[in-house]
Amino acid sequence: MIAVIADDLSGAAEIAGIALRFELSVEIAFEVNENTTADVLIISTDTRSMDVAAAINMTEVVVTNLIKLNPAWIYKKIDSVLSGHVFAEIQTQLAICKNKAVFIIPANPSMGRTIINGHYYIQDVPIHLTGFASDPEFAINNSLVKTFLRQESEMIDVKSIADGIPLNGIAIAEAASMNDMYAWAKMSIGSSVLLAGAGDFFQAILLEKYIEKNLGINTDISIESTTNQLLVVGTN
């Protein structure tokens, strides 16, 4: 079983959609189901909407319970622009899982979100010159990606593909294209580091082990006006 911790429901739904394209069975839950039979168990913690203390506490509970299920690996799904309490949650998970390093790939090249020479771009525009500069909770005032974690920049490295996977500490990966993402995935498989990132990195990792199916478009969908519906919509 693959376990995923997502900090909001739309992120959990995005990961679920990716897993379904590989014909893996999926369960999305708000707490760990010890009786799950899913290939991919996704826990939506909603920690992005909490204060940092509550986010740390929730992360402790979820990670501790997931470890009891002995998953093949735990993926930390984060926002592609590192919104939320990413650093605090990763530090918490590191302490419980006893990993020595964490490797973060927040870029989503398939959506035009890239990291080049340490700077984050949205459709080739530096991110601080886009609408993310006026985010009401996690405003971004420069494009240097290591500052997005809101910690001392000396604590965080930015790695190119030539640098390889880090053995210690916290590192953010550069990725200018999906080919970069596939290269990182090849290096990540079998490593002992904690893996965190957005949807593209998760998809690239699955491609190393599974075959992605072309499921086509399902047009046989009807919505009854008297039935309650939940629509989960991402930022793209």
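None of these values were measured; they are calculated from a predicted model. Starting from 1, each residue takes its place in the sequence as its number. Every heavy atom of this structure was used, including side-chain atoms; hydrogens, water molecules and symmetry mates were not.
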Looking only at heavy atoms, what is the nearest atom pair of [X] and [Y], with distance?
{"X": "P106", "Y": "D79", "value": "CB-O, 4.3 Å"}
{"X": "G199", "Y": "I15", "value": "CA-CD1, 4.4 Å"}
{"X": "V158", "Y": "G118", "value": "CG1-CA, 4.0 Å"}
{"X": "D7", "Y": "S83", "value": "OD2-O, 3.9 Å"}
{"X": "N99", "Y": "L194", "value": "ND2-N, 3.7 Å"}
{"X": "V102", "Y": "A196", "value": "CG2-CB, 4.5 Å"}

Hphob cluster co-occupancy, [X] + [Y], side-chain heavy atoms under 4.5 angstrom:
{"X": "L20", "Y": "I18", "value": "yes"}
{"X": "M181", "Y": "Y121", "value": "no"}
{"X": "V81", "Y": "L129", "value": "no"}
{"X": "L66", "Y": "I90", "value": "no"}
{"X": "Y210", "Y": "V4", "value": "yes"}

Checklist entry - Would you call K68 and E34 a salt bridge, taking side-chain N to carboxylate O under 4.0 Å as the test? => result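 No, this pair does not count.
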Next on the checklist: Does this structure show an ion pair linking K159 with E174, if we count only N-O contacts that are shorter than 4.0 Å?
Outcome noted: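 E174 and K159: not salt-bridged.
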Could you give the distance from [atom1] ([X]) to [atom2] ([Y]), rounded to the nearest 0.5 Å?
{"X": "K209", "Y": "L24", "atom1": "NZ", "atom2": "CG", "answer": "11.0 Å"}
{"X": "N57", "Y": "T47", "atom1": "CG", "atom2": "OG1", "answer": "11.5 Å"}
{"X": "I67", "Y": "C97", "atom1": "CD1", "atom2": "SG", "answer": "4.0 Å"}
{"X": "L9", "Y": "I28", "atom1": "CG", "atom2": "CD1", "answer": "6.5 Å"}
{"X": "E89", "Y": "T59", "atom1": "CD", "atom2": "OG1", "answer": "4.0 Å"}
{"X": "S160", "Y": "I116", "atom1": "OG", "atom2": "CD1", "answer": "12.5 Å"}

Checklist entry - Side-chain donor-acceptor pair under 3.5 Å between T147 and N142, yes or no? => result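 Looking only at side-chain atoms, N142 and T147 do form a donor-acceptor pair, the distance falling under 3.5 Å.
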Check whether any side-chain N or O of [X] sits under 3.5 Å from a backbone N or O of [Y] as a donor-acceptor pair, and report yes or no.
{"X": "D200", "Y": "S110", "answer": "yes"}
{"X": "T64", "Y": "V61", "answer": "no"}
{"X": "N65", "Y": "V62", "answer": "no"}
{"X": "N108", "Y": "M111", "answer": "no"}
{"X": "T45", "Y": "A6", "answer": "yes"}

Checklist entry - Going through the distances and angles, do Q203 and F22 end up as a side-chain contact (heavy atoms from CB on, under 4.5 Å)? => result CA-CA 9 Å; Q203 178 185 5; F22 289 85; 4.2 Å; yes
Checklist entry - Do other residues, nucleotides or ligands put more than 12 heavy atoms under 6.0 Å from E31 CD? => result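 Open.
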Next on the checklist: Taking CG in L167 as the centre, count heavy atoms belonging to other residues, nucleotides or ligands within less than 6.0 Å. Is the count above 12?
Outcome noted: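 It does not: L167 CG has 12 such atoms or fewer within range.
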Would you say that [X] contacts [Y] through its side chain, given a criterion of any heavy-atom pair below 4.5 Å between the two side chains?
{"X": "I170", "Y": "F87", "value": "yes"}
{"X": "Q123", "Y": "R113", "value": "no"}
{"X": "E60", "Y": "I96", "value": "yes"}
{"X": "W184", "Y": "I165", "value": "yes"}
{"X": "I2", "Y": "W73", "value": "yes"}
{"X": "D157", "Y": "I172", "value": "no"}
{"X": "E212", "Y": "L206", "value": "no"}
{"X": "H128", "Y": "N141", "value": "no"}

Checklist entry - Among I161, T114, I105, which residue meets the side chain to side chain contact (heavy atoms under 4.5 Å, CB included) test with D180? => result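 The passing option is I161.
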Item to check | For L41, the option from L69, I74, I5 that meets side chain to side chain contact (heavy atoms under 4.5 Å, CB included) | outcome: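 With L41 as partner, L69, I74, I5 yield a single side chain to side chain contact (heavy atoms under 4.5 Å, CB included), made by L69.
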Checklist entry - Can you say whether the rings of F202 and Y75 are parallel (under 30°), tilted (30 to 60°) or perpendicular (over 60°)? => result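 Ring orientation, 0 to 90° scale: tilted.
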Item to check | Sequence neighbours excluded, every pair satisfying salt bridge (charged side-chain N to carboxylate O under 4.0 Å, His left out) that has a member inside residues 116-144 | outcome: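 Applying salt bridge (charged side-chain N to carboxylate O under 4.0 Å, His left out) to every pair that reaches into residues 116-144, excluding sequence neighbours, yields nothing.
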Checklist entry - Excluding sequence neighbours, so at least two apart, what forms salt bridge (Lys or Arg N to Asp or Glu O under 4.0 Å) with K100? => result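 Partners of K100 by the salt bridge (Lys or Arg N to Asp or Glu O under 4.0 Å) criterion come out as none, since no residue qualifies.
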Checklist entry - Would K146 and M155 count as a side-chain contact (heavy atoms from CB on, under 4.5 Å) if you check the C-alpha gap in whole Å, the side-chain angles of each, and the deciding distance to 0.1 Å? => result CA-CA 9 Å; K146 68 162 67 176; M155 300 176 63; over 6 Å; no
Next on the checklist: Please evaluate residues K76 and Q93 with respect to the criterion side-chain contact (heavy atoms from CB on, under 4.5 Å), reporting the C-alpha separation (whole Å), side-chain torsions for both, the decisive distance (0.1 Å), and the verdict.
Outcome noted: CA-CA 9 Å; K76 174 63 175 173; Q93 187 172 339; 3.9 Å; yes
Next on the checklist: Is there a side-chain contact (heavy atoms from CB on, under 4.5 Å) between I140 and L82? Walk through the geometry before answering.
Outcome noted: CA-CA 10 Å; I140 297 174; L82 295 160; over 6 Å; no
